[in-house]
Amino acid sequence: MASEALDLPLDDTPASRFLAWFIGGLTYLAVLACAVAVLAQGTVERLADTPRIVTVALPPVDDAAAGEAEVRAVRALLEGLPGVAYTSLVSKEELDRLVEPWLGRAGEDRPGEMPLPRLVDVRLLPGPEPDLAALAEKVRTVAPQALLEDTSPSHGTLETLARRLRWMGGGAGLVVLVLTLVVVVVVTRMSLDLHDETVDLLRLLGAPDRYVARQFELHAMASALKGGSIGFTAALATLVALLYLPPLLGHPLFAVEPRPLDWILLAIVPVLAALMITVAARLTATIGLARLR
Amino acid sequence: MASEALDLPLDDTPASRFLAWFIGGLTYLAVLACAVAVLAQGTVERLADTPRIVTVALPPVDDAAAGEAEVRAVRALLEGLPGVAYTSLVSKEELDRLVEPWLGRAGEDRPGEMPLPRLVDVRLLPGPEPDLAALAEKVRTVAPQALLEDTSPSHGTLETLARRLRWMGGGAGLVVLVLTLVVVVVVTRMSLDLHDETVDLLRLLGAPDRYVARQFELHAMASALKGGSIGFTAALATLVALLYLPPLLGHPLFAVEPRPLDWILLAIVPVLAALMITVAARLTATIGLARLR
Amino acid sequence: MRYGSGEEVLRDIGLSINAGSFHYLMGPSGAGKTSLLRLLSLSQPASRGTVVLFGRDVARVDRDELGRLRRRIGVVFQDFRLLDHLTAFDNVALPLRIGGADPERISAYVSQMLCWIGLGDFIEARPPQLSMGQRQLLAVARAVVGRPDLLLADEPTSNVDPARAERLVHLFAELHKLGTAVVLATHSRELVRRWPFPVLHMERGRLIRALPAEPRAAVG
Amino acid sequence: MRYGSGEEVLRDIGLSINAGSFHYLMGPSGAGKTSLLRLLSLSQPASRGTVVLFGRDVARVDRDELGRLRRRIGVVFQDFRLLDHLTAFDNVALPLRIGGADPERISAYVSQMLCWIGLGDFIEARPPQLSMGQRQLLAVARAVVGRPDLLLADEPTSNVDPARAERLVHLFAELHKLGTAVVLATHSRELVRRWPFPVLHMERGRLIRALPAEPRAAVG
Ligand SMILES: Nc1ncnc2c1ncn2[C@@H]1O[C@H](COP(=O)(O)OP(=O)(O)OP(=O)(O)O)[C@@H](O)[C@H]1O
Ligand SMILES: Nc1ncnc2c1ncn2[C@@H]1O[C@H](COP(=O)(O)OP(=O)(O)OP(=O)(O)O)[C@@H](O)[C@H]1O
Ligand SMILES: [Mg+2]
Ligand SMILES: [Mg+2]
């Protein structure tokens with residue numbers, strides 16, 4: 001016969017009634033933001049795993065023998081360094097192909113004997129971002145005029161993008177969580193004001209503050225669970241649609257599948273939010289009640 | 001002794017209490033949007049008032065006499081057309097100056113006898129946008145290879161911008177007004193629900209619907225006048241700051257001073273808004289009341 | 001008559017109240033006194049049967065006419081239904097304002113009424129600042145200030161001291177002499193003893209001792 | 001004691017109520033009966049003087065102790081103060097829940113209480129669906145269900161019929177016999193005649209005929 005009704009008619013406040021919906025919307029955003037962060041993190045890790053090539057360019061020299069010696073010295077130096085997988089000299093034919101768009105076809109538009117730089121591709125081992133400046137410094141000890149070029153610019157951009165997205169996603173998730181807490185605090189304060197007569201009655205009946213605060217806590221928790229599950233479900237649906245629907249499959253940012261751990265991490269978001277909301281409501285109510293005698 | 005209190009405690013609803021602020025904010029936006037529209041209209045008119053120059057370019061010819069005859073024919077034709085103020089042949093010196101950045105100094109970098117096109121400036125009378133294609137067609141009847149150039153490209157961009165701004169400002173103002181009305185309708189409906197007991201009492205005391213509706217109307221009107229004057233004042237302040245503060249004085253869009261009529265037009269915005277808000281509140285209340293018996 | 005979709009709380013009511021009559025309405029708690037007064041005050045329509053007031057079937061009048069009829073009725077609600085945000089003055093002035101009386105007459109009338117009823121010191125007080133008895137006096141003042149043709153008072157003396165209760169019934173009797181029909185729900189046998197008027201007795205939604213019984217509720 | 005910054009509505013109250021005593025509190029409307037009960041129910045602190053309850057100066061107890069003291073007091077508010085969104089059952093169960101009683105005992109106790117007081121058919125009804133008298137019975141049920149050591153009842157019989165009023169006072173008398181101190185504000189001389197207990201008489205904020213007069217309010 002004992003009903004589930006709270007002692008305070010909290011569901012009757014417009015603000016309170018919409019609390020669940022607020023929380024739902026904000027949870028949706030938080031989960032999506034965190035999904036972006038998690039996927040970006042995946043991308044960053046995958047990029048770190050793919051080997052990376054930088055190119056050492058040695059300026060053209062007239063003396064072919066001296067040039068070859070220089071190349072050998074540079075390759076020997078590089079292959080002795082930690083983090084370098086192997087090196088390879090770019091062949092004459094490939095070099096011609098590379099400069100063709102700029103200088104014209106060899107032998108036709110341009111004198112065949114025009115001096116060209118010699119290029120050494122350096123394949124780095126996967127791992128953390130290599131210190132290219134230091135590498136260049138080392139190379140210059142044997143070939144003072146060597147230039148080091150990062151020949152995978154798109155790799156760099158993608159990685160920068162992924163890193164940024166990771167922080168932005170995480171940051172946005174955090175902002176949304178904070179916003180949710182602010183909304184909860186404001187709504188709880190408003191409810192406390194709105195129901196001051198009922199709160200007063202409960203206290204006259206001898207209810208300790210924790211009893212009254214528990215009413216707000218229970219309501220906030222119910223709203224958080226309801227809103228949180230709605231928001232989480234909606235976010236999951238959006239995510240799955242974004243990840244697995246054809247038009248988006250091709251984009252490299254979405255080439256990473258979330259790992260099982262990622263899904264668990266995302267599921268923690270609404271749970272954590274619900275927990276924080278509940279605690280926030282209780283604290284707000286307790287503080288508000290302490291002001292009254 | 002008769003107090004000014006309404007029979008309904010409308011100022012006690014959170015939604016109602018903030019109605020004035022809502023209206024204030026929206027009026028602010030509406031006035032600013034309309035100011036943009038009015039200023040843009042001023043710019044459009046000013047641009048229409050400034051005379052406009054187009055240039056007719058005749059390709060270089062080897063026969064100087066034939067060339068001069070062609071120029072004379074073109075000028076005679078143009079000066080006979082309505083909408084053309086006068087024409088003038090661009091002198092040899094000016095022409096040299098014009099081509100200098102492109103072809104080098106005459107006699108030094110470039111052979112002096114290099115053939116140049118002959119340019120005729122056509123000054124059009126102020127008025128509506130001229131039909132340049134038709135003009136070019138006419139010129140080509142006497143000089144088949146003539147080209148017509150609108151030599152005031154920035155003029156064109158500015159005018160397009162101003163025209164767009166005019167519509168966008170007006171549109172935004174309208175959207176904001178509509179939004180205000182929606183807010184008023186929603187708040188009135190909510191108040192009607194919230195105060196159903198008091199409304200019921202008034203009706204039991206024999207109050208006709210118009211008496212009860214008048215309560216909502218009065219409250220909406222008070223909110224509109226209060227919010228409207230706050231919003232209008234704030235918008236005026238912003239506008240004056242934008243128009244007369246140094247950093248912005250230079251921009252051509254802000255070179256137009258609002259005319260007295262413009263200020264009056266802007267002042268009409270909040271008054272019109274207040275009127276519409278009042279009517280909207282009354283209508284909403286009347287319709288809501290008609291649903292009850 | 002029924003509340004919402006519940007069972008009928010009033011049954012077999014045959015009642016005719018003549019203009020200028022005075023009736024007590026008595027009966028145990030929950031008998032349906034307030035419900036009957038709700039019917040008569042046009043707060044709620046009858047679910048069955050007809051209510052005839054001032055010679056008109058109230059189910060058939062239009063909105064404007066309904067308002068006019070209601071303005072001829074003064075009601076002291078059992079829970080007072082005062083407006084908490086208005087002063088005592090404004091609360092009492094309400095029926096006159098609704099009736100469209102001119103402000104000066106309202107001012108004079110209302111002040112006089114409040115003084116007479118014993119709230120002269122509380123003209124600017126709001127209901128929550130009044131004692132329960134004072135609120136009840138205010139509710140009575142609001143009901144009678146418009147000199148209604150029909151006065152429905154639901155236990156109007158329950159919260160006031162015997163001296164004031166006496167005074168209130170005296171007021172009702174005066175109105176009755178001036179031609180107002182009065183129906184006064186009460187639990188007080190003492191009142192009935194001291195001011196002997198006919199008693200309508202209710203029990204479980206039925207009128208069991210009405211004086212001139214007719215098969216419908218008719219007033220006026 | 002004063003409301004807000006108004007003038008003092010209670011003055012020179014010297015009153016001592018012994019454990020297990022029974023007093024009527026009488027006086028005209030606006031005399032200050034409710035205000036005095038507010039002091040005793042710890043609704044409002046005294047602006048001057050001290051209130052001693054169960055041997056403790058209530059101005060000096062901490063929050064937890066205040067709650068404990070309040071739980072030993074049962075109050076029938078003059079305006080009932082029932083929670084409209086809760087059923088009759090939940091309203092009566094409220095003090096027991098707050099006191100931390102276990103659900104089964106609450107259920108048994110509350111149902112029994114409601115049946116005894118005559119609301120057995122209205123266990124699931126909410127206050128707005130009850131007649132005024134029924135609401136008053138509910139308010140009484142809530143005040144006594146926790147077997148308080150001090151019962152403060154503000155005109156608890158004003159809206160019920162004489163038979164039920166009788167029954168209520170009988171209930172209070174039984175509690176009194178079990179050791180509860182009772183203060184019963186009322187306007188009914190009939191009650192006082194039938195259940196002769198000492199009467200505290202108030203007039204304009206002053207206690208004018210208290211039996212054992214001492215210079216402070218002390219209870220318990
Ligand atoms: N709003 C409502 N919804 C449902 N039932 C109601 C409502 N109001 C009253 N009732 C029921 O109708 C019956 C009659 O109530 P009513 O208020 O008319 O009694 P009453 O004679 O005025 O009693 P009292 O002397 O206690 O005021 C009661 O059983 C009550 O529970
Ligand atoms: N909240 C309040 N604010 C200001 N004044 C109040 C307030 N409540 C009561 N009063 C004033 O205090 C005085 C005593 O009121 P109180 O309610 O104690 O009277 P009472 O003896 O209970 O009367 P009743 O028999 O009518 O219930 C009255 O003059 C009243 O106007
Ligand atoms: Mg009743
Ligand atoms: Mg009182």
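Computed from a predicted model, the values in this text were never measured in an experiment. Residue numbering restarts at 1 for every chain, and letters A, B, ... go by the order of the sequence lines.
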Tell me which of these, Leu204(B), Thr198(B), Leu205(B), Leu202(B), has more heavy-atom pairs under 4.5 Å with chain C than the rest. Leu204(B)

Given a strict heavy-atom distance threshold of 4.5 Å, which part of Leu8(B) is in contact with chain C: side chain, backbone, both, or neither? backbone

Under 3.5 Å donor-acceptor, Gln136(C) side chain and Pro156(C) backbone: yes

Side chain / backbone / both / neither for Arg142(C) at chain B, heavy atoms under 4.5 Å: side chain

Only one of Arg70(C), Arg71(C), Arg56(C), Arg72(C) clears salt bridge (charged side-chain N to carboxylate O under 4.0 Å, His left out) with Glu65(C); which? Arg56(C)

Do the charged groups of Arg63(C) and Asp209(B) touch, with an N to O distance under 4.0 Å? yes

Donor-acceptor check, side chain of Asn91(C) to backbone of Leu86(C), threshold 3.5 angstrom: yes or no? yes

